[in-house]
Peer 1: 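First the structure, which I've put down as structure tokens, then a few questions once you've had a look.
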Amino acid sequence: MKKKLFPLGFVIVTALSLSLTGCGSGNNNTNASATNEPAASAKPDNSGGNASATTEPAAAGGADISGKITFLTNRTDMIGKEYDEYVKRFNEKYPNIKVEFEASQTDYNQQAKVRMASGELPDIMFIPTVPNSDLPKYFAPLDDLGLNDQITFKDFKSYDGKLYGITTGNSTSGIVYNKKAFADAGITEVPKTWDEFLAACEKLKAKGIIPLASNFKDKWPLNNWVYDMPRVIEGKAEFPNEKLNQEAPFTMDNGYGKAFSLLRELNEKGYLEKDINSTNWEQSKKDIAAGKFGMYFLGNWVINQVINAGTTSDNVGFFPLPYDNSGTTTAALSPDFFYAVSKDSKNVDAAKAFVKWMIEESGYEDFAGFLSPLKGKESKLPQIQEFQATGVQLQEATPDEAKVTEIGNKAQVDLPAMLQEFVLAKDPQSVLEKWNKAWAKSKKDLGY
């Protein structure tokens with residue numbers, strides 16, 4: 001990218017491939033993933049539905065736009081609370097639009113797909129994991145909102161040159177830590193190298209504080225170790241997609257092996273939970289807040305959840321994980337769920353107006369602990385500002401290649417599960433060899 005996305009030394013450096021982002025939902029959703037088919041490889045399809053782009057932004061008006069709209073949301077915790085406050089502010093600008101919220105079930109991704117199959121879509125929803133080529137079948141283009149040049153990850157949910165989804169916010173991964181726990185352990189500065197990080201862990205352990213909550217058993221909290229860290233370590237835009245041309249993509253000396261080895265080392269040194277096979281996600285947030293645990297390695301979305309679990313904002317900090325001893329750090333940047341408007345909505349303009357308002361004026365990204373979906377918009381969260389001040393570089397995510405996803409699915413490659421095996425195995429090399437064989441066989445069977 002030609003311009004900085006964030007100030008204060010927070011620099012975009014290179015694109016990275018994405019599989020799963022962290023969950024910012026409050027419901028532990030981790031399915032805000034890239035589509036299986038990148039927009040760049042999609043065949044032309046002009047079936048944009050009955051709400052095609054117009055010469056004037058659909059949301060340019062105010063009192064002249066009216067209608068009732070329903071938003072299917074995964075943030076069930078905000079219904080009757082923050083969402084009500086949003087609607088009150090929204091109606092000051094759009095008094096004739098009535099907004100209602102529908103709470104999702106536990107698995108938003110699956111529920112959304114069922115609704116799409118039935119043809120009974122809400123006016124506004126988040127896009128589930130479907131190929132980009134399917135987007136025009138269900139959703140209205142959003143190019144007429146005038147946001148195309150302002151939003152991050154524009155190409156993630158685009159097809160045939162049209163924009164169908166806008167990210168609700170972005171996540172980066174790093175160390176969320178309890179400042180009092182650090183002070184009690186005598187840690188006066190955040191670590192800038194891996195050796196300094198290990199030394200901080202040792203100080204926490206000596207003080208009776210468990211250094212890092214991994215939530216190993218739940219598996220999904222390991223996503224940042226397997227989807228973000230390998231790409232960051234490699235520093236390559238297309239590192240995960242390089243597997244398409246490899247028979248043995250998982251090795252000890254590439255990004256996967258090096259990232260996996262970091263967590264294995266932390267476990268071997270006793271810096272994770274005493275019994276990593278009996279971890280508890282909800283309890284861990286309370287334990288981080290109370291200082292029983294010192295740190296998480298997760299996305300910025302968890303910051304507010306830790307605060308809400310029983311501490312104050314000024315007791316929670318955030319810094320990039322120093323994965324080597326170079327003294328410079330890089331972190332991944334990935335999108336969360338993407339807003340979309342049903343092409344069959346009876347009030348498309350009203351729905352688009354609400355999406356545009358949510359992006360530009362709601363402040364949802366600060367409430368959810370996200371980075372703004374708008375380029376150059378500074379975060380109000382002090383933890384993000386602390387993260388920025390380190391001069392960390394960001395690697396912006398790009399979708400996985402469809403063939404890579406296809407091979408991985410056929411081989412039943414589950415990277416968080418692979419990491420679990422790797423950390424606990426007597427011979428971690430054997431784990432990589434097992435999955436390399438599965439990968440090579442599936443690649444051959446598919447003719448790739």
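Just so it is clear, the model here is predicted, and its values are computed rather than measured. Note that these values count all heavy atoms, side chains included, but never hydrogens, waters or copies made by symmetry.
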Peer 1: When you compare the side chains of Thr168 and Glu365, does any donor N or O come within less than 3.5 Å of an acceptor on the partner?
Peer 2: no

Peer 1: Is a side-chain donor-acceptor pair under 3.5 Å present for Asp400 with Thr405?
Peer 2: no

Peer 1: Between Ser345 and Asp123, do the side chains contain a donor N or O and an acceptor N or O under 3.5 Å apart?
Peer 2: yes

Peer 1: Above 12 or not: heavy atoms from other molecules or residues under 6.0 Å from NZ of Lys192?
Peer 2: yes

Peer 1: With no hydrogens and no angle check, just 3.5 Å: does a side-chain donor-acceptor pair link Tyr296 and Ser214?
Peer 2: no

Peer 1: Applying side chain to side chain contact (heavy atoms under 4.5 Å, CB included), name anything that partners Pro320, two or more places apart in sequence or on another chain.
Peer 2: Thr329, Phe387, Thr390, Val392

Peer 1: Pairing donors with acceptors under 3.5 angstrom, does anything connect the side chains of Gln150 and Lys375?
Peer 2: no

Peer 1: Does Phe153 have any ring pair (Phe, Tyr, Trp, His ring centres under 6.0 Å) partners at least two apart in sequence or in another chain, and if so, which?
Peer 2: Phe156

Peer 1: Check the side chains of Asn215 and Ser284 for a donor-acceptor pair under 3.5 angstrom, ignoring hydrogens and angles.
Peer 2: yes

Peer 1: For the atom pair OG1 (Thr330) and CG (Leu394), what is the distance rounded to the nearest 0.5 Å?
Peer 2: 8.5 Å

Peer 1: Nearest 0.5 Å, what's the CD-CG distance between Glu238 and Asn245?
Peer 2: 11.0 Å

Peer 1: Identify, with sequence neighbours excluded, every residue that meets ring pair (Phe, Tyr, Trp, His ring centres under 6.0 Å) alongside Phe90.
Peer 2: Tyr94, Phe354, Trp357

Peer 1: Under 4.5 Å between any side-chain heavy atoms of Thr76 and Phe101, yes or no?
Peer 2: no

Peer 1: For atom NZ of Lys380, is the number of surrounding heavy atoms from other residues, nucleotides or ligands below 6.0 Å larger than 12?
Peer 2: no

Peer 1: Salt bridge (charged side-chain N to carboxylate O under 4.0 Å, His left out), that's the test. Do Arg89 and Glu85 meet it? Break it down for me.
Peer 2: CA-CA 6 Å; Arg89 289 163 51 209; Glu85 189 267 335; 3.4 Å; yes

Peer 1: So do Trp281 and Lys217 actually touch side chain to side chain, heavy atoms under 4.5 Å?
Peer 2: no

Peer 1: How about Tyr256 and Lys243: do any of their side-chain heavy atoms sit closer than 4.5 Å?
Peer 2: yes

Peer 1: Is a salt bridge present between Lys356 and Glu360, judged by a nitrogen-to-oxygen distance below 4.0 Å?
Peer 2: yes

Peer 1: Indicate yes or no: does Glu247 engage Lys441 in a salt bridge with an N to O separation below 4.0 Å.
Peer 2: no

Peer 1: In chain order, what residues pass the side chain to side chain contact (heavy atoms under 4.5 Å, CB included) check against Ser326, with sequence neighbours excluded?
Peer 2: Asp324, Thr328

Peer 1: How many angstroms lie between CD1 in Ile97 and NZ in Lys68, if you round to the nearest 0.5 Å?
Peer 2: 14.0 Å

Peer 1: Could you tell me whether Lys352 and Asp144 have a side-chain N and a carboxylate O separated by less than 4.0 Å?
Peer 2: yes

Peer 1: For the pair Asp287 and Gln283, evaluate side chain to side chain donor-acceptor pair (under 3.5 Å) and give the outcome as yes or no after the intermediate values.
Peer 2: CA-CA 6 Å; Asp287 290 339; Gln283 183 60 43; 3.1 Å; yes

Peer 1: For Ser313 and Ile307, which heavy atoms make the closest approach, and how far apart are they?
Peer 2: CA-CD1, 3.7 Å

Peer 1: Cation over ring, Lys157 on Tyr164, under 6.0 Å and within 45°?
Peer 2: no

Peer 1: Check whether the side chains of Trp439 and Gln246 place a donor and an acceptor atom closer than 3.5 Å, and report yes or no.
Peer 2: no

Peer 1: Go through the structure and list residues passing side chain to side chain contact (heavy atoms under 4.5 Å, CB included) with Ser173, not counting sequence neighbours.
Peer 2: Asn224, Asp228, Phe297

Peer 1: Might you point out which heavy atoms bring Asn300 and Asn170 nearest each other, and give the distance in Å?
Peer 2: ND2-O, 3.6 Å

Peer 1: Decide yes or no for Tyr323 and Met229: does some side-chain heavy atom of the first lie under 4.5 Å from some side-chain heavy atom of the second?
Peer 2: yes

Peer 1: In terms of the angle between their ring planes, are Phe126 and Tyr108 parallel, tilted or perpendicular, with boundaries placed at 30° and 60°?
Peer 2: tilted

Peer 1: Do Tyr339 and Met125 have side-chain heavy atoms sitting under 4.5 Å apart?
Peer 2: no

Peer 1: For Lys81, is there an ion pair with Asp77 - N to carboxylate O distance below 4.0 angstrom?
Peer 2: no

Peer 1: Looking at side-chain heavy atoms only, is the closest gap between Glu401 and Glu242 below 4.5 Å?
Peer 2: no

Peer 1: Does the side chain of Tyr364 come under 3.5 Å of the side chain of Glu82 through a donor N or O and an acceptor N or O?
Peer 2: no

Peer 1: Give a yes or no on whether a salt bridge exists between Lys93 and Glu361, defined as a side-chain N under 4.0 angstrom from a carboxylate O.
Peer 2: yes

Peer 1: Do Ser342 and Asp344 have side-chain N/O donor and acceptor atoms under 3.5 Å apart?
Peer 2: no

Peer 1: Taking the side chain as C-beta and beyond, is there a heavy-atom pair between Phe250 and Leu415 under 4.5 Å?
Peer 2: yes

Peer 1: Report the residues that fulfil side chain to side chain contact (heavy atoms under 4.5 Å, CB included) with Ala248, sequence neighbours left out, ordered by chain and then residue number.
Peer 2: Asn436

